[in-house]
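Working notes, structure below.
Lettering of chains follows the sequences in order, A, B, ..., and the numbering in each one begins at 1.
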Amino acid sequence: MTADNGDAILGDLTLAQRAAVTHVDGPLLVLAGAGSGKTRTITRRMAYLAAQGIAPMNILAVTFTNKAAAEMRHRTLALLAGLSLRHGGAPTVSTFHSLCARLLREFSSAIGLPAAFGILDTADQLKLIKQALEKIGLSPENFAPARVLDKISGAKNRLQRVDAFAAAAAGYFDTSVARVYRVYEELLGASQAVDFDDLLLKTALLLRDNAEVRNQLQGRFRYILIDEYQDTNHAQFVIAHMLAMEHENICATGDPDQSIYAWRGANLSNILEFEKFFPRAKVVLLEQNYRSTKTILQAASSLISHNRQRKHKDLWTENTIGSKVIHICSADEKQEAREIVRRLRDWHEREGISWDKMAVFYRVNAISRVLEEALMEAGLPYQIVRGTEFYARKEVKDVLAYLKLLVNPDDTLSFQRVINVPARGLGGTSVSRLADYAAHAGISLPAACRRAEEVPGLTKRAVEAFQQFAALIDSLRLLAIPPACASHADRLPPGSPEADRGAIGTNEFDPLYDPALATEATACTELSNFSADADENSPPGPASHRDATDQSVSPHAGEGSGGSRRFPPVAAIMEEVIHRAGFIRESKTRTMDEESLQRQSNIQELINVATEYDLSARHAQDGRQNPSGSLSDYLTQVALVSDVDRLGEKSGAVTLMTLHAAKGLEFPVVAIVAMEEGILPHERAIGFQGRPQDVEEERRLCFVGMTRAMQQLILSHSCYRMIMGRSEGRVASRFLKEIPDECVVRIDLLAQERLAGSPGYRDETIDQARPLRTKPASYRDSARRSIAAAEPASAPARFRKGSLVRHQKFGVGRIAELTPVGEKTRVVVEFQSAGRRSLFLEHARLEPVDG
DNA sequence: GCAGCCTTGTTTTTT
DNA sequence: ACAAGGCTGC
């Protein structure tokens, strides 16, 4: 390494960071506190390894989200380019799930998996569970599909397959789950599909049980970095260990205080006991925080110190003290949202802080609605991180189901989804007749569809409709996957008419990675014809894919570096599907209501995203990293997008997301709302079955949220909140009490309203956050005030179970329950007209009614 | 077979 | 409050 390179890589690093970066061989554990420059350390380390002469293509980095992977890849490549280290390929930077999907396609033949396997999302999984329950005659009432799925998912995370699970199952519920598990696996197999957990499980078992594959991959990935190690589950642990066991060049980075995924199988001992598994491990602690002000850091540190199951860690920073954490207490969720919005706007206007530097976090998605409404009302730009919701839209899933059916002819789930979408007169009766026939003949549902004329009991119309559908799919498939272009990833299964022409025999290697196969570009000429057709009939936006289409016959196409385009553009296929299947006709019906417009724009957006995919495949620099351009790869990518992946960085909008989604991000201004018992910490952690470690995870979640903030942090809670349509009295989160008073300025909007006598009262804290020594209007004070008319001292006596009371809004009712909650009293009132309400005696301003 | 109504559940968190 | 799925009547 030259001195220059050394400077560029190490120059501005701290000693601890430098120690992590320059540790080349042998296991390394980097315990990186929040905001301690972890990503920077990792990217520098990759550059450093390259500077030591290690080929980048022998480096594997695994992150938690695709977005993090993309960013890390980008930063690393930029570093390597700056150091003229771009030879030796690029490192593989990926999420566990994407990596596994890729490896499973590459080694599919080794484990008897069809190369074109589909990946189920959670909704699909639940459908399959329901089908399995029905098949064995268990009612979904007694066996909540979500709970069953949870069990199965947990088993898979522990690498427990059906037989092992069944053997270990004790009790009626678990033995029943075992039966469901078995049928569920059969259904998956019949659909040539895997679920999320299978990606990890099958890869882990492949690596564990197949020495040849393991050796090959150990040779390929000689240096391994795994980020967010505290959130890895057992399957991921096994994958990491199998890959690393020969060279032991494994670098795990993470922070036990930020472990927030135990509920989905993450195993904290993976990181806590790293040194047990790798006794030679070097451990580096990164404790200096570069992100947050002293105040924010102190608040967060105090909070997390309340966890008992914890290795002590001292975060410190050289940053300024900054302003106090603001704690807002408001009357209800509407006031809370308005107040947050008001403050955000204020910072924007006074300090010129751009919208995309602000974020609002919440524990559960349901909270986002009221915030959205307030932001919309105020006219502020915002983006909500709920990316999967787009792919969960009906119309989007419908179009994708067609595409899946093209790639995977046995995809029963997709077939069931679209057989009557758009409507072609094939309802439940006809489909179940088809299903009976399929079961009897031992073939898949789509396969049976081809032979509709043999199915007993079908009407002539139904037979024709099935046949037409089969013909439609076949012809679309021919366009989407021209036989001459068929690589194994998109290849048809044996038996279909096209398969024999284009197939290449069994494959030990994925041709996607094989430059020799990447030279067939010109074979796809029929595609250009096809695209020209599509253009003529195309609805708005026909230009979108023309560019990409040209690429298929351009001279660059066959250049063999893996960036070649051997496949028809996905966007073009999609447009053809939309057209030929009749989605267009459906939306052309005159009734242009809001909903159908929205659906149209969603479909357009889907096409746009596909176009981006086509372009990125075209610009691919490395065949192992980038999408190959195949439809199959596209569907894989779509199946594995996460919420945060769709987050726009320079969006110019306030970002709304869950606390879980916030991991790994940072914003100058952060607000965490709904900090109430039952929400944060969540009811599931403190309620009936909650365990102490669950509360600790909630506390870590809160800690993660707080440490995202760089300059300003707002925490808020409301005294009432609409929950599932009912207004409920709320108690401030215990976490608020775990933050030292001197870090916080409290703003009690209820007290202010009463003190100022007008709702428009404006407090000065908005620009001079100052600590309040005394609690400003404690709950008891405000309680007194609110029921002042009714003798403060003996007030509760006037409200007993059974007394009649009057409420300003709800009218007259009778008290059904009285329970003390902290300093307050919760009262449940059965109102004559407004129904049953839960209120706080101290806030509800109830008046006694005589008689 | 399908449209519209009514019931029901839904709220953790996500790859 | 809201969505999705089930049921009833055409």
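When the side chain to side chain donor-acceptor pair (under 3.5 Å) test is applied to Glu464(A), no partner is found at least two apart in sequence or on another chain. In this structure Arg417(A) satisfies the side chain to side chain donor-acceptor pair (under 3.5 Å) test together with Asp398(A), sequence neighbours excluded. Take Asp227(A) and apply the side chain to side chain donor-acceptor pair (under 3.5 Å) test, not counting sequence neighbours, and it matches Lys38(A), Thr253(A). A search for side chain to side chain donor-acceptor pair (under 3.5 Å) contacts involving Arg424(A) returns Tyr402(A), not counting sequence neighbours.
In this structure, Asp411(A) contributes its side chain and Leu413(A) its backbone to a donor-acceptor pair below 3.5 Å.
A stacked arrangement is not assigned to Phe64(A) and the six-membered base ring of dT15(B), the conditions of a centre distance below 5.5 Å and an interplanar angle below 30° not being jointly met.
Rounded to whole Å, atom P of dT10(B) lies 18 Å from atom CD1 of Ile367(A). Look at CD on Glu228(A): it is 13 Å from C1' on dT15(B), rounded to the nearest Å. Separating the CG atom of Leu680(A) from the P atom of dT11(B) is a distance of 18 Å, rounded to the nearest angstrom. The separation between Ile239(A) atom CD1 and dT15(B) atom P is 17 Å, rounded to whole Å. Look at CZ on Arg726(A): it is 18 Å from P on dT10(B), rounded to the nearest Å. The NZ-C1' distance, from Lys67(A) to dT14(B), rounds to 16 Å in whole Å. Spacing between atom CZ of Arg147(A) and atom P of dT10(B) amounts to 13 Å, rounded to whole angstrom units. Distance His660(A) NE2 to dT15(B) P: 11 Å, rounded to the nearest Å.
Between Arg684(A) and Glu697(A) there is no salt bridge, since no side-chain N of the basic residue sits under 4.0 Å from a carboxylate O of the acidic one. Under a 4.0 Å N-O distance rule, the pair Arg147(A)/Asp150(A) does not qualify as a salt bridge.
Nearest to the side chain of Met724(A), among dT15(B), dT13(B), dT11(B), sits dT11(B). Looking at the side chain of Ala366(A), the nearest of the listed nucleotides dT15(B), dT11(B), dT14(B) is dT11(B). For His682(A), counting side-chain heavy atoms from C-beta on, the closest listed nucleotide (dT15(B), dT11(B), dT14(B)) is dT11(B).
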Q) Just by protein heavy atoms under 4.0 Å, how would nucleotides 2-10 of chain C read 5' to 3' in B, S and -? A) S--------

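Thr122(A) is listed as a side-chain neighbour of Phe196(A), based on a closest heavy-atom distance under 4.5 Å. Under the 4.5 Å side-chain criterion, counting only non-hydrogen atoms from C-beta, Phe96(A) is in contact with Thr232(A). The side-chain heavy atoms of Val238(A) and His241(A), taken from C-beta on, include no pair separated by under 4.5 Å.
OP1 or OP2 of dT14(B) sits under 4.0 Å from a side-chain N or O of Asn365(A). Considering only side-chain N and O atoms, Thr65(A) lies nowhere under 4.0 angstrom from the phosphate OP1 or OP2 of dT15(B).
The gap from the C1' atom of dG6(C) to that of dT11(B) amounts to 22 Å, rounded to the nearest Å.
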Could you list the protein-to-nucleotides 1-5 of chain B atom pairs, N/O on both sides, closer than 3.5 Å?
residue	atom	partner	partner atom	Å
dG1(B)	OP1	Ser430(A)	OG	3.0
dG1(B)	OP2	Thr429(A)	N	3.3
dG1(B)	OP2	Thr429(A)	OG1	2.6
dC2(B)	OP2	Asn420(A)	ND2	3.3

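Nucleic acid contact for Tyr261(A): sugar-phosphate only, since backbone atoms but no base atoms lie under 4.0 Å from a heavy atom of the residue.
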